[in-house]
Amino acid sequence: MPTAAAPIISSVQKLVLYETRARYFLVGSNHAETKYRVLKIDRTEPRDLVVIDDRHVYTQQEVRELLGRLDLGNRTKMSQKGSSGLFRAVSAFGVVGFVRFLEGYYIVLITKRRKMADIGGHAIYKIEDTSMIYIPNDSVRISHPDEARYLRIFQNVDLSSNFYFSYSYDLSHSLQYNLTVLRMPLEMLKSETSKACQESFDIFEDEGLITQGGSGVFGISSEPYMKYVWNGELLDIIKNTVHRDWLLYIIHGFCGQSKLLIYGRPVYVTLIARRSSRFAGTRFLKRGANCEGDVANEVETEQILCDASVMSFTAGSYSSYVQVRGSVPLFWSQDISTMMPKPPITLDQADPFAHVAALHFDQMLQRFGSPIIILNLVKEREKRKHERILSEELVAAVTYLNQFLPPEHTIVYIPWDMAKYTKSKLCNVLDRLNVIAESVVKKTGFFVNRPDSYCSILRPDEKWNELGGHVIPTGRLQTGILRTNCVDCLDRTNTAQFMVGKCALAYQLYSLGLIDKPNLQFDTDAVRLFEELYEDHGDTLSLQYGGSQLVHRVKTYRKIAPWTQHSKDIMQTLSRYYSNAFSDADRQDSINLFLGVFHPTEGKPHLWELPTDFYLHHKNTMSLLPPRRSYTYWWTPEVVKHLPLPYDEVICAANLKKLMVKKFHRWEEEIDIHNEFFRPYELSSFDDTFCLAMTSSARDFMPKTVGIDPSPFTVRKPDETGKSVLGNKSTREEAVLQRKTAASAPPPPSEEAVSSSSEDDSGTDREDEGSISQRSTPVKMTDTGDSAKVTENVVQPMKEVYGVSLSSSLSEEDHSIYARFVQLGQSQHKQDRGCQQLCSRCSDGVIKLTPISAFSQDNIYEVQPPRVDRKSTEIFQAHIQASQGIMQPLGKEDTAMYREYIRNRYL
């Protein structure tokens with residue numbers, strides 16, 4: 001069945017900034033360079049930002065003529081052909097936003113990007129480099145002595161470290177939300193299209209579609225969830241004046257993707273972490289929650305599983321599971337002025353009616369539905385009351401809020417002292433976490449976009465029948481969320497989230513028909529791959545919030561970490577302490593300035609002069625009579641009506657206003673994800689293909705010896721791994737240093753950079769050599785004795801590697817075959833017929849090979865393509881239709897073969 005809607009692909013993916021003395025002209029085009037838009041930015045205003053969008057879509061020829069006229073009109077002398085009035089300033093891939101301190105505005109452009117993941121053909125990029133350009137001309141610039149300091153503080157937020165964007169996929173929403181929007185009823189799409197036509201931004205946007213009868217496909221784009229957008233404040237000034245394609249929203253956190261090969265069938269495992277931009281900051285400076293219910297260090301982690309055999313949101317198989325971490329939603333803090341490793345925890349405000357917790361959980365009910373499950377990992381028993389203060393207050397808040405909620409939607413509270421169980425020699429921490437994970441996943445369920453497979457109906461699993469969530473005809477929906485917290489939400493939280501994610505991964509694989517039981521064991525290639533993804537995820541988030549990598553990892557709680565890990569843990573602890581004591585204040589100022597929490601104003605105190613930023617994040621302190629919600633009916637009424645479903649995914653008038661629906665022609669570039677992904681208009685190389693460069697379970701984790709079961713679900717021995725001894729000796733510090741906390745999946749061998757050629761006005765990009773893959777970190781070998789041992793372990797017997805044992809001396813027949821092979825190689829490039837005849841007379845024993853290629857003419861000068869028979873054409877057409885969701889009916893032979901297989905295999 002063909003899809004009723006498709007995501008809208010942004011038509012501004014390549015940008016070129018042209019400069020004149022009076023204006024900047026920002027020319028944006030799609031990747032195929034067939035459609036262009038132009039922004040005009042005034043440079044004569046010293047403080048104000050004047051951006052004009054002419055609301056017209058240009059062709060490549062029209063843009064060249066426009067730029068030629070601009071160049072000619074801005075020359076100083078009309079007869080002077082050598083001079084130019086239009087200069088090419090920079091090429092880019094997107095606009096981060098506009099910012100102003102005390103002088104004029106700056107424009108922030110993405111000048112370098114790297115592909116990090118692919119979801120259904122929609123590419124996710126990481127920002128590698130940016131450029132910040134001052135807009136006003138020097139002749140009108142009004143200088144200020146503190147401008148340079150504000151600029152340094154703003155640039156302390158490293159945009160090349162873990163900021164991600166996509167031109168066609170909404171990273172601020174979950175996969176469940178994005179696919180739910182695409183499955184809206186056709187009638188509602190038509191009504192929304194009529195509204196969009198009335199409020200159309202472009203002058204000629206719908207003219208072509210109307211004149212051709214209006215037949216086409218609906219394109220949908222939704223408003224981003226601003227809580228996880230980090231450049232919303234930077235784009236706010238132009239949001240209502242430019243076309244939506246100029247608005248490129250970025251998220252901050254983590255994105256990694258690896259490939260799980262199941263007997264050659266590729267399955268992509270993607271991990272996306274979205275950091276909240278509200279009440280954001282560093283470890284000790286941002287604790288608890290603010291007055292609006294936003295908590296510190298709130299991160300939404302989503303694991304996505306997709307069958308890469310079919311690249312389509314409609315015909316492909318996709319599954320996802322979401323969980324959240326965040327600080328305890330109370331008014332609490334820690335004073336770091338005492339220079340103690342563990343500053344005392346203090347409750348700043350009394351909140352007997354759990355007002356701030358109510359606001360926080362109301363947000364979660366609206367986004368995730370019910371039930372909300374809290375996994376509290378802080379300590380329960382202490383000699384000196386420290387972490388237990390938070391546990392007691394959180395229990396009181398949850399108990400108070402639950403007495404007003406409907407019984408079927410109450411908040412589930414699970415306290416578990418993880419530190420206590422870790423010290424015990426009789427208890428296995430991960431076994432207990434696995435029990436908790438099973439109960440959590442059964443209550444919340446997970447998302448999958450396909451109904452249960454027929455084999456699951458024939459052989460139902462006990463655990464599968466107990467699974468919760470919401471079952472719909474087209475699959476399953478996750479209802480509810482697991483919220484995990486400790487004090488810092490770093491080490492213990494990451495391990496607990498890994499165990500829950502591992503349990504959910506088993507159910508996801510089972511739902512896609514890839515395993516026979518929803519259960520995964522440690523020391524398998526699949527779990528090793530998933531564990532490495534989560535460790536990179538934890539390291540990245542820990543560096544962003546705590547200033548160091550993880551101190552305790554999954555191997556630490558499994559108690560299989562090497563003895564050298566203890567010294568590394570000590571160094572990470574010292575690094576975290578140094579960062580918290582000396583550099584966190586500067587990082588917090590940078591975050592406040594970047595997110596627009598603080599706006600520099602002439603005549604008011606500067607950012608570095610403020611004694612605290614408490615009043616910036618708690619806005620109710622600046623109002624005389626802050627609004628108060630009901631102490632009993634603390635939730636939003638519309639949210640509770642639709643529980644357990646999340647209100648944000650319910651089709652209602654309020655949510656429909658957040659969508660932009662437009663009708664396109666079927667093969668329009670804005671909705672053609674096939675052209676966007678494969679790019680048939682480009683010459684591509686297999687070596688530069690992202691899917692070949694990403695981490696693979698077969699290449700990086702499966703042992704390389706003959707006779708090993710290639711299944712990624714087979715338990716390996718502890719010493720068996722696909723990684724070399726050199727790779728195992730490399731330290732995680734070197735790996736993290738090289739990738740700059742980039743992402744789990746290794747970057748492809750090529751990196752997209754901006755072309756500086758001035759001959760092409762379209763701003764095409766070229767491929768440069770990328771950085772070293774983080775999976776193959778080089779190791780410094782200093783000891784010759786150690787290197788000898790390494791060589792001894794690496795060089796394996798020929799029989800074990802190739803399956804055969806080569807003899808020391810070759811037979812005469814082998815020598816003869818090799819000599820003929822050499823003669824063939826020497827004569828293959830000679831074009832002189834006489835020379836070839838001479839060679840053939842000299843080498844009577846050479847085997848004359850007849851070409852078996854289907855190409856009648858195949859040489860370096862010409863190639864004659866073969867004729868394709870009718871059967872091959874039909875097979876190819878059926879493959880194309882399958883990618884569009886049009887499946888061919890099964891024939892009698894196929895049905896009989898499947899029934900025979902089921903009868904022989906299971907009955």
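For the numbers below, each heavy atom of this structure counts, side chains included, while hydrogens, waters and symmetry mates do not. Quantities reported herein were computed from a predicted structural model and do not represent experimental measurements.
- Looking only at distances, a side-chain donor or acceptor of Gln323 sits under 3.5 Å from a matching main-chain atom of Gln497.
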Apply side chain to side chain donor-acceptor pair (under 3.5 Å) to residues Gln366 and Asp362 and explain how you reach the verdict. CA-CA 6 Å; Gln366 180 174 346; Asp362 187 33; over 6 Å; no
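- Of the possible donor and acceptor atoms, none in the side chain of Thr479 sits under 3.5 Å from a partner among the backbone N and O of Gly369.
- Ring centers of Phe165 and Tyr249: at least 6.0 Å apart, outside the cut-off.
- Under the side chain to side chain contact (heavy atoms under 4.5 Å, CB included) criterion, Val356 pairs with Ala289, Phe331, Asp351, sequence neighbours left out.
- A perpendicular orientation is assigned to the rings of His537 and Tyr534, their planes being inclined by more than 60° (bins at 30° and 60°).
- Of all the heavy atoms in Ala296 and Tyr545, the pair that sits closest is CB-OH, 4.3 Å.
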Test Asn434 against Lys502 for side-chain contact (heavy atoms from CB on, under 4.5 Å), laying out the working first. CA-CA 9 Å; Asn434 191 56; Lys502 170 179 167 290; 4.3 Å; yes
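- The minimum heavy-atom distance between Phe279 and Asp294, with the atom names listed, is CD2-O, 3.6 Å.
- Looking at Gln303, its side chain never comes within 3.5 Å of a backbone N or O of Ile272 through a donor-acceptor pair.
- Between Leu171 and Cys255 the shortest side-chain heavy-atom distance does not fall below 4.5 Å.
- Within the 6.0 Å centre-distance limit, the rings of Tyr510 and Trp464 are counted as a close aromatic pair.
- Donor-acceptor pairing under 3.5 Å is recorded for the side chains of Arg325 and Asn494.
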Under 3.5 Å, which donor-acceptor pairs link side chains of residues 370-381 to any protein atom two or more places apart or in another chain?
from	atom 1	to	atom 2	distance (Å)
Ser370	OG	His409	ND1	2.9
Asn376	OD1	Asn485	ND2	3.1
Asn376	ND2	Ser391	OG	3.3
Asn376	ND2	Tyr413	OH	2.8

Step by step, work out the ring pair (Phe, Tyr, Trp, His ring centres under 6.0 Å) result for Tyr318 and Phe313. CA-CA 8 Å; Tyr318 295 86; Phe313 274 157; 5.2 Å; yes
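- Considering all non-hydrogen atoms of both residues, Val324 and Ile481 come closest at CG2-CG1, 3.8 Å.
- Across Arg283, Arg275, Gln544, Arg287, a single residue satisfies side-chain contact (heavy atoms from CB on, under 4.5 Å) together with Asn297, and that is Arg275.
- Side-chain contact between Arg483 and Val295 is present, with heavy atoms from C-beta onward closer than 4.5 Å.
- For Lys657 and Glu223, the salt-bridge test fails: no basic side-chain N is under 4.0 Å from an acidic carboxylate O.
- With no hydrogens or angles considered, no side-chain donor-acceptor pair links Arg476 and Ser511 at under 3.5 Å.
- Between Phe447 and Tyr177, the closest side-chain pair of non-hydrogen atoms is not below 4.5 Å.
- Aromatic ring orientation, Tyr647 versus His642: tilted (interplanar angle from 30° to 60°).
- A salt bridge links Arg587 to Asp584: at least one charged side-chain nitrogen sits closer than 4.0 Å to a carboxylate oxygen.
- Nearest heavy-atom pair, Val299 versus Ala273, reported as atom, atom and distance to 0.1 Å: CG1-CB, 3.8 Å.
- Sparse packing is recorded around OH of Tyr633, with 12 or fewer heavy atoms of other residues, nucleotides or ligands lying under 6.0 Å away.
- Using a 30° and 60° split on the angle between ring planes, Trp230 and Phe594 fall in the tilted class, from 30° to 60°.
- Under the 3.5 Å distance criterion, the side-chain polar atoms of Ser276 are matched with a main-chain donor or acceptor of Arg278.
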Verdict with supporting geometry, Leu610 and Leu616, side-chain contact (heavy atoms from CB on, under 4.5 Å): CA-CA 10 Å; Leu610 298 178; Leu616 300 177; 4.0 Å; yes
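- Residues Thr346 and Asp335 have side chains not in contact (no heavy-atom distance under 4.5 Å, counting atoms from C-beta outward).
- A distance-only check finds no donor-acceptor pair linking the side chain of Gln478 to the backbone of Phe368 [under 3.5 Å].
- When every heavy atom of Leu595 is checked against every heavy atom of Ala280, the shortest pair comes out as CD1-CB, 3.9 Å.
- Once rounded to the nearest 0.5 Å, the distance linking NE2 of His617 with OG1 of Thr612 reads 8.5 Å.
- In this structure the side chain of Glu466 never reaches within 4.5 angstrom of the side chain of Lys443, judged on heavy atoms.
- From His618, atom NE2 reaches atom CD of Glu292 across 9.5 Å, with rounding to the nearest 0.5 Å.
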Verify side chain to side chain donor-acceptor pair (under 3.5 Å) between Asn162 and Thr540, making sure each step is shown before the conclusion. CA-CA 8 Å; Asn162 312 117; Thr540 303; 4.6 Å; no
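- The existence of a salt bridge linking Asp613 and Lys286 is confirmed by a sub-4.0 Å separation between a basic side-chain nitrogen and an acidic carboxylate oxygen.
- Closest approach of Phe498 and Phe530 over heavy atoms only: CE1-CD2, 3.6 Å.
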Determine, stepwise, if the pair Asp589 / Phe598 fulfils side-chain contact (heavy atoms from CB on, under 4.5 Å). CA-CA 9 Å; Asp589 288 344; Phe598 176 84; over 6 Å; no
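- Checked for salt-bridge contact, Lys227 and Glu298 meet the test: a charged N lies under 4.0 Å from a carboxylate O.
- Here Asp491 does not pair with Arg553 in a salt bridge; the nearest charged N to carboxylate O distance is not below 4.0 Å.
- Side chain to side chain, Glu649 and Gln176 meet the donor-acceptor criterion of an N or O pair below 3.5 Å.
- His470 is listed as a side-chain neighbour of Leu645, based on a closest heavy-atom distance under 4.5 Å.
- In this structure, Arg492 pairs ionically with Glu387, as a charged nitrogen and a carboxylate oxygen lie closer than 4.0 Å.
- A donor atom on one side chain and an acceptor atom on the other are found under 3.5 Å apart for Tyr228 and Glu300.
- Judged purely by atom type and a 3.5 angstrom limit, Gln334 has no side-chain atom pairing as donor or acceptor with the backbone of Ile345.
- The backbone N or O of Val650 sits less than 3.5 Å from a side-chain atom of Asn655, completing a donor-acceptor pair.
- In this structure, Trp416 has its ring center closer than 6.0 angstrom to the ring center of Tyr421.
- Counted by atom type alone, Ser222 and Asp170 present one or more donor-acceptor pairs between their side chains at under 3.5 Å.
- In this structure, Arg367 forms a cation-pi arrangement with Tyr225, its terminal cationic atom sitting closer than 6.0 Å to the ring centre and no more than 45° off the ring axis.
- Ser320 has its side chain out of reach of Phe446: every pair of non-hydrogen atoms, C-beta onward, lies at least 4.5 Å apart.
- Atom SG of residue Cys503 and atom CD of residue Gln508 lie 10.0 Å apart, to the nearest 0.5 angstrom.
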side-chain contact (heavy atoms from CB on, under 4.5 Å) between Leu505 and Tyr321, intermediate numbers included: CA-CA 8 Å; Leu505 181 66; Tyr321 184 77; over 6 Å; no
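- Trp635 has its side chain out of reach of Phe361: every pair of non-hydrogen atoms, C-beta onward, lies at least 4.5 Å apart.
- Remark: the His173 side chain and the Arg274 side chain contain no N/O donor-acceptor pair separated by less than 3.5 Å.
- For the 3.5 Å distance criterion, the side chains of Ser333 and Asp348 qualify, holding a donor opposite an acceptor.
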